[in-house]
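Notes follow once the structure below has been shown.
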Amino acid sequence: MKFGILLKEGPYNHQAADTAYLFAKAAIQRGHQVTSVFLYNDGVYNATKLMDPPQDDRHIANRWSELGGEGVAILACIAASKRRGITDEVLVENSEITGLGQLTDIAIDVDRLVTFGD
Amino acid sequence: MEDAKKIMHIVRKAPHGTIYAYEGLEMVLIMASYDQDISMAFIGDGIYNLVKDQDTTDIQIKGFMKTLGVLEDYDVEKLYVDAESMEERGIREGDFFVPVEVLTSTEIGKLMTEQDVIVPQ
């Protein structure tokens, strides 16, 4: 099955950021396709490389970056990013800023759009 | 629009207090420009988005009621409201500033099963 993921919460603050990632990994492991992770609302904070968590904790942005390197599009909404100071300069590798039109294309393309949020 | 996907946005949050409802509306407006079959279901505190005479001056937030009022211009005409949520909050249909279709939770649930995509806001 072809999945798209919509993540609406910030990293560390909310379980959604972790569950979305674990879902994506599990789906791929089971042989499904995850085309993209679209970051919306505070979810755009997932893509900032400026985060610097304690070393014994998971690094959420790097985790998304690795997933991006495996071919999953990591996309931050431009309108939500502009409000929150997320720019191309702070984006973690293998992620990009894009528009809500892209989310619409994803919603049309995938078999299931799965939302993680509050 | 044979190929149009049925996309339902579920508005669950009050209009103020968090940005979910406002950014959710921004998403609806963009998706509406893609010629899809868009609907919105207002449930729980989400129904407060539709209550007329809101004034956000004192909380220094730009209100978005005007935008909600022009959804029709974007061909977003399917606005469903959960009757039970209205009952719980003492809200009547006359309190809304846009025409809506009031449905039971069961009816809204049935509509949800008919969608291709559901986006909880």
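Quick caveat: nothing in here was measured; it's all calculated off a predicted structure. Here is how names work: the chains are called A, B, and so on, in the same order as the sequence lines, proteins then strands, and each is numbered from 1.
A:V92 and A:L39 fall into different hydrophobic clusters, where Ile, Leu, Val, Met, Phe, Trp and Tyr are joined by side-chain heavy atoms under 4.5 Å apart, directly or via other members. If you chain together hydrophobic residues whose side chains sit under 4.5 Å apart, B:V51 and B:F64 fall into the same group. Both B:V11 and B:F96 are members of a single hydrophobic cluster when ILVMFWY side chains are connected at heavy-atom separations under 4.5 Å. Side-chain heavy atoms closer than 4.5 Å link hydrophobic residues (I, L, V, M, F, W, Y) into clusters, and following such links, possibly through other members, connects A:L91 to A:I60.
The contact between B:I118 and chain A is made entirely by backbone atoms, counting heavy-atom distances below 4.5 Å.
Between B:P120 and A:K8, the shortest heavy-atom distance links the atoms O-CE, 3.3 Å.
Note that CG of A:N41 and CD of B:Q121 are 7.0 Å apart. Values are rounded to the nearest 0.5 Å. One finds the OH atom of B:Y20 at 6.5 Å from the CG atom of A:D42 (value rounded to the nearest 0.5 Å). A distance of 6.5 Å separates CD1 in B:I7 from OG1 in A:T104, rounded to the nearest 0.5 Å.
In terms of heavy-atom pairs under 4.5 Å with chain B, the best-connected choice from A:L100, A:L103, A:D105 is A:L100.
Atom CD of A:Q29 sits in a sparse spot, with 12 or fewer heavy atoms from other residues, nucleotides or ligands closer than 6.0 Å. By the neighbour-count criterion of 12 heavy atoms within 6.0 Å, atom OH of B:Y34 is densely surrounded, having more than that number from other residues, nucleotides or ligands. Residue B:E72 qualifies as open at atom CD: its count of foreign heavy atoms under 6.0 Å is 12 or below. Around the CD atom of B:E88, the shell of radius 6.0 Å holds more than 12 heavy atoms that belong to other residues, nucleotides or ligands.
Using a 4.5 Å cut-off between non-hydrogen atoms, the part of residues 106-118 of chain A that approaches chain B consists of A:A107, A:I108, A:V110, A:L113, A:T115, A:D118.
By the ring pair (Phe, Tyr, Trp, His ring centres under 6.0 Å) test, A:F3 pairs with A:F23, A:H32, sequence neighbours left out.
Contact check for A:R83 versus B:E23: side-chain heavy atoms found under the 4.5 Å cut-off.
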